[in-house]
2 protein chains.
Amino acid sequence: MPSSDLTDTASRILDAAEHLFAEHGFTETSLRSITTRAGVNLAAVNYHFGSKEALVQAVFERFLTPFCRRLDRELDEAMARGDGQSPPLHDLFGLLARTMLAGVEDSTNDSKLSIFMRLLGLAYTQSQGHLRRFLRDHYDSTYRRFVLLVHQTTPHVSPNELFWRIHFAVGSAVFTMGSVETLRAIARNDTHQDNTLEDILHKLVPFVANALNDDRDH
Amino acid sequence: MPSSDLTDTASRILDAAEHLFAEHGFTETSLRSITTRAGVNLAAVNYHFGSKEALVQAVFERFLTPFCRRLDRELDEAMARGDGQSPPLHDLFGLLARTMLAGVEDSTNDSKLSIFMRLLGLAYTQSQGHLRRFLRDHYDSTYRRFVLLVHQTTPHVSPNELFWRIHFAVGSAVFTMGSVETLRAIARNDTHQDNTLEDILHKLVPFVANALNDDRDH
DNA sequence: GCATCATTCAAACAACTGTTTCAAACGGTT
DNA sequence: AACCGTTTGAAACAGTTGTTTGAATGATGC
């Protein structure tokens with residue numbers, strides 16, 4: 001019911017798949033559960049996308065392509081504002097976080113962003129084979145551009161040290177994202193505080209930026 | 001072939017399952033692939049463990065129970081040395097890292113630790129339902145004890161803020177160590193530097209400790 | 001109205017999943 | 001040797017998976 005009857009079959013499949021993938025993972029989600037939720041026939045998936053693998057890629061493409069385009073544009077503008085100089089580390093990651101939030105039209109409802117985050121987490125942890133290749137082939141250039149900017153803003157950190165710190169940082173982001181909903185529930189019980197996704201991102205950004213910026217090599 | 005013929009059926013199943021779960025995840029690993037690798041009959045899993053779910057739990061129990069026992073003892077000793085005072089943050093995580101490394105008898109071979117961490121990662125991201133319950137029921141007390149110590153050494157950080165930072169930190173550790181083999185290869189190509197596992201832990205510990213210790217709330 | 005195309009549908013497909021069955025083999029005890 | 005409980009073995013089980021089929025349906029252009 002969340003997807004209106006106005007949209008076409010392919011979009012309804014993508015909507016349903018997006019939700020179910022984020023909730024249960026890829027292999028745990030059957031085509032039958034997707035088509036049932038979407039209210040379409042089982043064969044529609046293979047007809048419109050060719051295979052389940054292709055559907056997975058289509059789900060990622062639908063939200064990752066606009067995201068990378070937005071990020072690239074944001075980076076262009078930031079560079080222009082700074083006369084070709086890359087912005088400081090906090091701004092760089094703040095920009096990243098804002099670009100993520102910008103993809104969610106309804107900012108009061110976290111679910112869209114939550115799905116976005118979980119999918120990103122899945123992409124990192126569950127992607128063996130075809131998905132990993134797909135993501136590398138399509139979005140590696142944006143990723144490398146961002147890393148290069150981080151590199152330029154932290155010239156005091158050696159390349160090797162920075163390499164590891166970036167992966168530490170990616171790890172904290174990806175893992176938190178991958179289980180945001182669960183963690184939020186635990187936090188509600190534990191600390192009696194309700195954190196919005198925006199709150200969490202605003203804690204993650206300085207966490208990452210500070211850790212990357214430490215001027216001692218280890 | 002990796003597991004010797006001397007060990008009994010149950011252990012050989014656990015060895016095979018451990019490797020395959022870490023490599024492909026739970027649902028992606030079939031009982032047939034496990035028993036084939038272990039060189040035992042298919043029915044042996046249900047005979048010795050009862051079900052696949054129970055096998056998953058047994059795999060976690062085999063490495064998590066000794067680990068938590070070691071960690072508890074190490075914490076006891078550290079508290080005794082400090083007259084009941086919890087050690088500073090760097091030492092606390094250094095102790096954690098050493099306890100992890102201690103579980104790997106063959107310190108020249110990283111694969112055991114890598115599997116350990118990958119399983120921890122799976123527990124984090126893929127555990128819905130039975131596994132999550134199992135882990136909470138069995139190992140939550142050790143976990144809470146460690147968190148409480150971290151809490152006492154960082155009184156300037158609010159409980160909610162610390163909650164999230166700890167999960168950021170766990171994420172970076174689990175993610176990096178879980179793909180340590182792959183990342184080391186990339187680093188060798190990228191920065192022309194060969195990092196031992198110990199090197200990486202020595203970068204990770206201050207990364208985590210510094211990030212947790214930041215005195216501003218966000 | 002007719003032909004042509006894309007789309008939908010119910011049904012079946014083969015392959016794989018975890019689990020069960022029951023006879024055979026084993027090892028120790030008397 | 002005969003008995004015992006424990007363990008292994010090959011085979012089958014029922015259920016689910018992704019995918020394919022071929023007929024029915026719909027809309028579009030002439």
* To do: Name the nucleic acid region contacted by A:S33, choosing base, sugar-phosphate or nothing; use a 4.0 angstrom heavy-atom cut-off, strictly under.
  => nothing
Q. Would you say B:T99 and B:L75 make side-chain contact, with heavy atoms under 4.5 Å?
A. no
Tell me whether B:R144 at atom CZ has more than 12 heavy atoms from other residues, nucleotides or ligands lying less than 6.0 Å away. no
Here the side chain to side chain donor-acceptor pair (under 3.5 Å) pairs for residues 40-61 of chain A, sequence neighbours left out, are A:Q57-A:H130
**Study point:** Salt bridge A:R145-A:D140, side-chain N to carboxylate O under 4.0 Å
**Key:** no
Check: protein-nucleotides 13-16 of chain D nitrogen or oxygen pairs below 3.5 Å:
none

### Task
Look at all strands and tell whether B:T27 reaches a base, only sugar-phosphate, or nothing, counting heavy atoms closer than 4.0 Å.
nothing
- Charged N to carboxylate O below 4.0 Å: is that the case for A:E161 and A:R165? yes
Residues pairing under ring-ring contact (aromatic ring centres under 6.0 Å, His included) where one sits in residues 166-204 of chain B, two or more places apart or in two chains, turn out to be A:Y124-B:F175, A:F207-B:F168, B:F163-B:H167
Report yes if some heavy atom in the side chain of B:D8 is under 4.5 Å from a heavy atom in the side chain of B:S11; otherwise report no.
yes
Rounding to 0.5 Å, atoms NE2 (A:H90) and CG (A:L95) come to a distance of 14.0 Å
Is the distance from the ring center of A:F116 to that of A:F63 below 6.0 Å? yes
DNA chain C: first to last nucleotide in contact with chain B (atom under 4.0 angstrom from a heavy atom), 5' to 3', is C:dT17 to C:dT21
One should read off an interatomic distance between A:T176 OG1 and A:M117 CE, to the nearest 0.5 angstrom, of 9.0 Å
Notebook entry, point to check: Are B:R118 and B:E23 ion-paired here, with the side-chain N under 4.0 Å from a carboxylate O?
Noted result: no
B:L31 atom CG is separated from D:dT17 atom C1', nearest whole Å, by 16 Å
Partner of A:N160 under side chain to side chain donor-acceptor pair (under 3.5 Å), picked from B:D194, B:D190, B:T191, is B:T191
For the residue pair A:F146 and A:F93, is the inter-centroid distance of their aromatic rings smaller than 6.0 Å?
yes
Sorted by number, residues from residues 39-50 of chain B placing a heavy atom under 4.0 Å from DNA chain D are B:N41, B:A43, B:Y47, B:H48
Residues of residues 52-60 of chain A with a heavy atom under 4.0 Å from any atom of DNA chain D, listed by number, are A:K52
